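Presented below is the structure to which this report refers.
Note that the structure is predicted; figures quoted are calculated from it, not measured.
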Amino acid sequence: MEKTLVIIKPCALQRALTGEVIKRFEQKGLRLAGIKMMQLDDRILREHYAHLAERPFFQRIKDSMMITPVIVTCWEGKDAVKVVRAMTGSTNGRDAVPGTIRGDFSLSVQENIIHTSDSVETAAVELARFFSDDEIFAYNYQSLPFLYANDEI
Ligand code: UDP
Ligand code: MG
C-alpha cells in the first residue's frame, strides 16, 4: 500500500505536540511503518528543500529545522499521500482550516508543525532520503479488515 513521509518539526517538539500528531494519524487508521529521531543538517535540508533554494528565507527555514532534532515517520494506507496532505492543511497555519493539524496548532508559515510529502513521486524520494530500507517495517496490521472493505485493499 502507499507510503508517505511525515516529519515532526522542531516547533512541534518544543510545544510537546509529538504525541498529538502521531495520535491523529493512528486514529485515522494509517499504519506506522517507520519512526526515528534525527538531527538534520545543512546537506540534507538543501536537498529536501531544493525547491526553495532561491527564496530569500531559505536559510531561515533550514535554521528552524536544525534547532532541535526532528522525528521522521513513515505512514502507510490506501491513498496515504493524499490523506496525510489533507490532514496537514495549508502551508500557512493562519490560513489552514480548523480540523487540520496546521489549522489547529499553528499560527505561522514556517513554524507549521509538520512536513508531509506532496505527491506519490515525492513521497518515494523523500522516504529514501530519510530512511534506509531496514528502517521501514512491514508487519501484519490486524485492523485492516475493519479499516477497509475487502475490495478496497
Ligand atoms: N516556508 C516558509 N515560507 C514560505 C514558504 C514555505 O517559511 O513562504 C517553509 C514552511 O515551513 C514550509 C516549508 O518551507 O512548510 C516548505 O515549503 P512548501 O512550499 O513545500 O510547503 P509545505 O509543503 O510544507 O506545505
Ligand atoms: Mg512541500
Side-chain angles (χ1 to χ4, degrees), residues 1-41 44-52 61-62 64-66 68-106 108-153:
M1 246 192 293
E2 199 168 287
K3 291 187 181 66
T4 192
L5 174 77
V6 175
I7 302 177
I8 304 175
K9 295 186 177 187
C11 59
L13 268 72
Q14 289 296 328
R15 292 178 54 204
L17 289 171
T18 302
E20 177 65 36
V21 168
I22 290 172
K23 183 179 84 171
R24 287 189 176 216
F25 295 124
E26 280 189 322
Q27 286 182 333
K28 183 70 172 170
L30 296 161
R31 183 180 74 83
L32 185 60
I35 181 165
K36 64 176 175 179
M37 184 175 269
M38 76 191 274
Q39 176 62 50
L40 303 183
D41 59 19
I44 200 165
L45 286 166
R46 260 177 201 287
E47 218 179 275
H48 184 62
Y49 286 134
H51 62 295
L52 300 171
I61 293 174
K62 288 189 295 173
S64 155
M65 291 296 285
M66 292 190 283
T68 69
V70 297
I71 294 169
V72 292
T73 60
C74 172
W75 295 92
E76 183 188 69
K78 190 170 169 70
D79 299 328
V81 171
K82 181 179 75 178
V83 167
V84 165
R85 200 66 184 165
M87 291 173 71
T88 301
S90 309
T91 305
N92 185 337
R94 295 188 297 279
D95 298 330
V97 174
T100 64
I101 290 168
R102 289 169 173 170
D104 287 350
F105 300 117
S106 170
S108 167
V109 64
Q110 175 181 281
E111 307 301 335
N112 58 6
I113 312 298
I114 50 175
H115 163 84
T116 55
S117 305
D118 64 9
S119 71
V120 175
E121 296 70 35
T122 314
V125 172
E126 291 184 344
L127 284 168
R129 177 174 300 137
F130 291 97
F131 286 102
S132 56
D133 286 349
D134 64 357
E135 291 172 329
I136 301 291
F137 294 86
Y139 55 88
N140 188 12
Y141 196 44
Q142 304 281 354
S143 314
L144 276 187
F146 304 97
L147 287 165
Y148 301 101
N150 56 14
D151 62 356
E152 285 179 306
I153 50 174

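For His48, the ring-ring contact (aromatic ring centres under 6.0 Å, His included) partners at least two apart in sequence or on another chain are His115, Phe130.
Atom CZ of residue Arg24 and atom CG of residue Asp104 lie 4.5 Å apart, to the nearest 0.5 angstrom. Separation of atoms CG (Leu17) and CD1 (Ile113) is listed at 5.5 Å; rounding is to 0.5 Å. Between the CZ atom of Arg102 and the OG1 atom of Thr116 there is a distance of 5.5 Å, given to the nearest 0.5 Å. Once rounded to the nearest 0.5 Å, the distance linking CD1 of Ile8 with CD of Glu20 reads 10.5 Å. In this structure, Trp75 CH2 and Lys28 NZ are separated by 13.0 Å, a value rounded to the nearest 0.5 Å. Interatomic distance, CE of Met65 versus CD of Gln39, reported as 10.5 Å (0.5 Å rounding).
For the residue pair Pro10 and Val70, the shortest heavy atom distance occurs at CD-CG1, 3.4 Å. The shortest non-hydrogen separation linking Ala80 to Leu30 is CB-CD2, 4.1 Å. For the residue pair Glu126 and Ser117, the shortest heavy atom distance occurs at OE1-OG, 2.7 Å. Asp95 and Ser90 get closest at one heavy-atom pair: O-OG, 4.1 Å. Among all heavy-atom pairs drawn from Val81 and Lys3, the shortest one is CG2-O, 3.9 Å.
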Show every donor-acceptor pair shorter than 3.5 Å between a side-chain atom in residues 143-153 and any protein atom, with sequence neighbours excluded, or say none if there are none.
{"unit_1": "Tyr148", "atom_1": "OH", "unit_2": "Lys78", "atom_2": "N", "d": "3.0"}
{"unit_1": "Glu152", "atom_1": "OE1", "unit_2": "Ala149", "atom_2": "N", "d": "2.7"}

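Checked by atom type and distance alone, the side chain of Asp133 never pairs as donor or acceptor with a backbone atom of Ile136 at under 3.5 Å. A donor-acceptor pair is defined here as one N or O able to donate and one able to accept, closer than 3.5 Å; such a pair exists between the side chain of Ser106 and the backbone of Glu111. Looking at Thr4, its side chain never comes within 3.5 Å of a backbone N or O of Ala123 through a donor-acceptor pair. Of the possible polar contacts, none joining the Asn112 side chain to the Gly93 backbone as a donor-acceptor pair under 3.5 Å is found.
Between Ile101 and Thr88 the shortest side-chain heavy-atom distance does not fall below 4.5 Å. Side-chain contact check for Ile35 versus Ile22: some heavy-atom pair is nearer than 4.5 Å. Taking the side chain as every heavy atom from C-beta outward, Met37 and Leu13 approach each other to under 4.5 Å.
Between the side chains of Asp134 and Ser132, at least one donor N or O sits under 3.5 Å from an acceptor N or O.
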Could you walk me through whether Ile44 and Met38 pass the side-chain contact (heavy atoms from CB on, under 4.5 Å) test, one step at a time?
-> CA-CA 11 Å; Ile44 200 165; Met38 76 191 274; 4.2 Å; yes
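The number of heavy-atom neighbours closer than 6.0 Å to NZ of Lys36, taken from other residues, nucleotides and ligands shown, is above 12.
Just one residue in the list Tyr139, Phe137, Phe25 forms a side-chain contact (heavy atoms from CB on, under 4.5 Å) with Leu32, and that residue is Tyr139.
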